[in-house]
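Structure, as structure tokens:
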Amino acid sequence: MNPSAGSSSKQKAGASQPSETSYKRKRGVFQKELQHMMYGFGDDPNPLPESVALMEDIVVEYITDLVHKAQDIGSKRGKLSVEDFLYLIRKDFPKLNRCTELLSMNEELKQARKAFETDEEKLRKAFEADDDNKLASTE
């Protein structure tokens with residue numbers, strides 16, 4: 001009997017279950033989002049709960065592995081950065097392109113918020129100054 005065969009089949013059978021050394025995570029957090037994504041990719045509008053749970057396990061495992069690899073890369077510099085993740089997905093062009101697109105959109109949104117807050121602050125100061133002028137002229 002091959003002892004390694006038994007352990008690998010045990011790992012495959014329990015692959016959707018978290019290992020005892022992993023942290024306990026709340027299940028079903030991404031349920032609605034995954035249902036919508038699965039429908040968007042051709043599944044039934046209401047996929048089986050088991051299918052959604054399996055997809056969630058796969059997604060969480062992928063993201064966890066990616067973060068651990070990024071931490072390993074970032075630990076050499078002493079900090080984790082976006083570039084660590086981009087480095088890990090550099091050979092997967094669709095993911096890399098989507099990530100760079102989302103990062104640039106995020107930067108545009110930050111700049112727009114900053115401009116809006118600056119304009120709002122200027123308007124507030126202008127109204128305060130206008131109110132002060134009105135009070136001074138009535139006295």
Shared hydrophobic cluster, Ile58 / Tyr39 (ILVMFWY, side-chain heavy atoms < 4.5 Å):
no
Measuring from Glu108:CD to Leu103:CG, what's the distance to the nearest 0.5 Å?
11.5 Å
Salt bridge (charged side-chain N to carboxylate O under 4.0 Å, His left out) partners of residues 35-53, not counting sequence neighbours, each pair once
none
Less than 3.5 Å apart, which donor and acceptor atoms pair up between the side chains of residues 83-94 and the rest of the protein, not counting sequence neighbours?
from  : atom 1 : to    : atom 2 : distance (Å)
Glu83 : OE1    : Ser81 : OG     : 3.3
Asp84 : OD1    : Arg77 : NH1    : 3.1
Asp84 : OD1    : Arg77 : NH2    : 2.8
Asp84 : OD2    : Arg77 : NH2    : 3.0
Asp84 : OD2    : Ser81 : N      : 2.9
Arg90 : NH1    : Tyr87 : O      : 2.6
Asp92 : OD2    : Lys95 : NZ     : 3.3

Ignoring hydrogens, what is the shortest heavy-atom contact between Ala70 and Leu80? Give both atom names and the distance.
O-CD1, 3.3 Å
Indicate, with yes or no, if Met55 and Tyr62 share a hydrophobic cluster defined by side-chain heavy-atom contacts under 4.5 Å among Ile, Leu, Val, Met, Phe, Trp and Tyr.
yes
Using the rule that Ile, Leu, Val, Met, Phe, Trp and Tyr join whenever any side-chain heavy atoms are under 4.5 Å apart, tell me whether Leu102 and Leu96 fall into a single cluster.
no
Decide whether Leu48 and Leu54 are clustered together by the hydrophobic rule: side chain heavy atoms of Ile, Leu, Val, Met, Phe, Trp, Tyr closer than 4.5 Å, transitively.
no
Atom pairs and distances, donor-acceptor, side-chain atoms in residues 31-38, under 3.5 Å, two or more places apart:
none

For residues 96-105, which residue pairs qualify under salt bridge (charged side-chain N to carboxylate O under 4.0 Å, His left out), counting only residues two or more places apart or in two chains?
Arg98-Glu101
Identify whether Phe30 and Ile63 are in the same connected component of the hydrophobic contact network (ILVMFWY, side-chain heavy atoms under 4.5 Å).
yes
Could you list all the side chain to side chain donor-acceptor pair (under 3.5 Å) pairs where at least one residue sits in residues 111-122, not counting sequence neighbours?
Glu121-Arg124
